[in-house]
Amino acid sequence: MSTPPDEVVCYLGLGSNLGDRRANIEAALARLAQTPGIRVLAVSSLQQYPFVGDGPEQDPYLNGAARVATSLPPNALLAVCKALERAAGRTLPAPRNQPRQLDLDVLLYGGQTIDDKDLVVPHPRLFERAFVLEPLRELGVDTGAVPRLELPAVLVSADDFAARCSRWQRSGFCVGLVPTMGALHRGHRSLLDRARLQCDRLVATIFVNPLQFGPNEDLAAYPRDLEGDLRLCREAGVDAVFAPTPAQMYPAGFCSRIAVGAAAEGMEGAVRPGHFEGVATVVARLFALCRPQFACFGQKDAQQLAVIRRMTADLGFPLQLIECPTVREADGLALSSRNVFLSPDDRRASTVLFRALQAARAAFAGGERDRDALLAIAAAVLAVEQRAQVDYLELRRDGDLLPLPPGRVDGGRMLVAARFAGGARPVRLIDNLALAEAAP
Ligand code: AMP
């Protein structure tokens, strides 16, 4: 059947996994057919598919698709779908991945791609989902030929990155930012997952920042794996990856630096002069380019977090900082991109950092409150491991990490750094733990 010129052929996804699933979908189709501006042209068979998504298992879905011709613009068509979902008994807006009486999605709208606050067409994960692809194919759609919104979008130019974020900001999206140096692992993934929970658009940045490496550090050798990173970002639902070259990040003439104060003194700041100035400068530039509503950072880099917290407050960046807990291997080693460089012996020895911190935490839980006694307990564990050359072991005030005087402490965060030199190149590892943190 040909469509009048003012109509567009669209495909709607149909789903239900609550109540009388078939009746819910059939009622929605009947109402759809009565809606002015919509003609239902064809409906696929309804088949059962297992629930796909996060969270606890749910009853299987009944799924299908409908081909409709409509004179409604995309957002009006979406509004009709939402109204029908409500009519079927859904309370909207609803938390993600709840069982639902009715799910009506705009899958395809003519040949258009749409990237609006409420509507993304084609749905970015449409191509991975049998419960969408199979009904579409049954209706004769060549799913291989459908225009795709490739996600994540990979941006290398700072101007493109800023323009993309600013478009999202203007259309009212909540944008979440996760800055990284790449070689992504489960620790980074946890930040992305945390960010995904509360944003409409998720941005990850991958940039091995030369400003934060000293002349004798491992800038050239830092692990890089853009392809693997993009795969992980895609799995985590990242919308855009900003992966600039140093020249894009710091164009010719770039000479401004963020000077950092007390939070950057001692520990990493002492061992790596200029490191936190480089971190603060790149993070400030990322904040300025992206202007996110929030950004996620790991407690793994506790001093970095303290520096960024201070800088964000001092410079008045209007965003929320979200701290994410450290993700560890089963034996306690904190995940780090540099762990791949540990020799097998050093890898075994590396658990000493967490063991030392745990010993201090256990002593604190047992009532020890003297700063130096707590440090001595952790130091004794470290001393047994010959392969670890300790750079520092400190107990600082939790949060801003300012020094704690000797004597009684009510808590605090213990921080440690050590080198392991048994592999092809020396590896420096850091870790930290809040003494009051409950043991897992
Ligand atoms: P990096 O790529 O090392 O600059 O880290 C990027 C972000 O991931 C920082 O906010 C880190 O604190 C965080 N991160 C790194 N390792 C871990 C981990 N094991 N657990 C949680 N977050 C981490």
Side-chain angles (χ1 to χ4, degrees), residues 176-197 202-213 217-219 221-226 228-230 232-233 236 238 241-244 246 249 263-264 267-268 272 275-287 290 292 294-312 319-342 347 350-351 353-354 357 401 413 415-417 427-434 437 440:
L177 174 71
V178 177
T180 81
M181 296 206 299
L184 302 182
H185 49 63
R186 284 187 293 115
H188 299 110
R189 175 68 196 256
S190 73
L191 269 55
L192 294 170
D193 290 344
R194 173 64 187 83
R196 188 70 273 178
L197 292 178
L202 174 54
V203 176
T205 67
I206 296 176
F207 180 59
V208 183
N209 174 31
L211 290 191
Q212 70 189 67
F213 285 77
E217 294 183 355
D218 58 349
L219 173 62
Y222 195 83
R224 290 165 170 84
D225 174 18
L226 187 59
D229 292 349
L230 292 180
L232 185 143
C233 285
V238 172
V241 171
F242 179 44
M249 197 62 171
M267 301 188 293
E268 291 302 292
R272 307 182 67 185
H275 171 68
F276 285 123
E277 183 178 290
V279 169
T281 302
V282 78
V283 170
R285 177 140 167 77
L286 290 172
F287 283 177
C290 175
F294 69 90
C296 292
F297 293 89
Q299 274 169 352
K300 155 84 176 11
D301 299 276
Q303 196 176 7
Q304 166 173 288
L305 193 50
V307 167
I308 291 170
R309 204 183 289 112
R310 190 69 252 174
M311 177 200 74
T312 303
L319 56 90
Q320 179 197 3
L321 290 180
I322 298 182
E323 281 183 36
C324 301
T326 301
V327 176
R328 301 178 179 280
E329 300 285 6
D331 62 8
L333 174 65
L335 294 192
S336 158
S337 304
R338 292 182 170 102
N339 290 354
V340 293
F341 294 133
L342 289 166
R347 170 65 189 82
S350 64
T351 59
L353 300 187
F354 189 51
L357 299 173
L401 298 188
R413 188 169 286 272
L415 305 99
V416 63
V427 182
R428 204 169 159 276
L429 300 180
I430 60 175
D431 202 350
N432 67 85
L433 200 61
E437 209 169 287

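Ligands are counted one by one from 1 in listed order, and the atoms in each one are counted from 1 as well. Any value given below was found using the heavy atoms of this structure, including those in side chains, with hydrogens, waters and symmetry copies removed.
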* **Lys/Arg-Asp/Glu bridge criterion (N-O < 4.0 Å) met for D218, R338** => yes

* Asked: Taking any residue with a non-hydrogen atom under 4.0 angstrom from an atom of ligand 1, which ones do you get?
  -> P179, T180, M181, H185, G187, H188, L191, Y222, F297, G298, K300, D301, Q304, P325, T326, V327, L335

* Asked: Taking 4.0 angstrom as the limit, do R186 and D193 come out as a salt bridge?
  -> no

* Asked: In a check of salt bridge (Lys or Arg N to Asp or Glu O under 4.0 Å) between D431 and each of R328, K300, R413, which one passes?
  -> R328

* Asked: For the side-chain contact (heavy atoms from CB on, under 4.5 Å) test, which of D229, I206, T205 pairs with T180?
  -> I206

* Heavy-atom pair with the smallest gap, counting every atom of H188 and S337 -> CE1-OG, 3.6 Å

* Say whether E323 and Q299, considering side chains only, have a donor N or O and an acceptor N or O under 3.5 Å apart. => yes

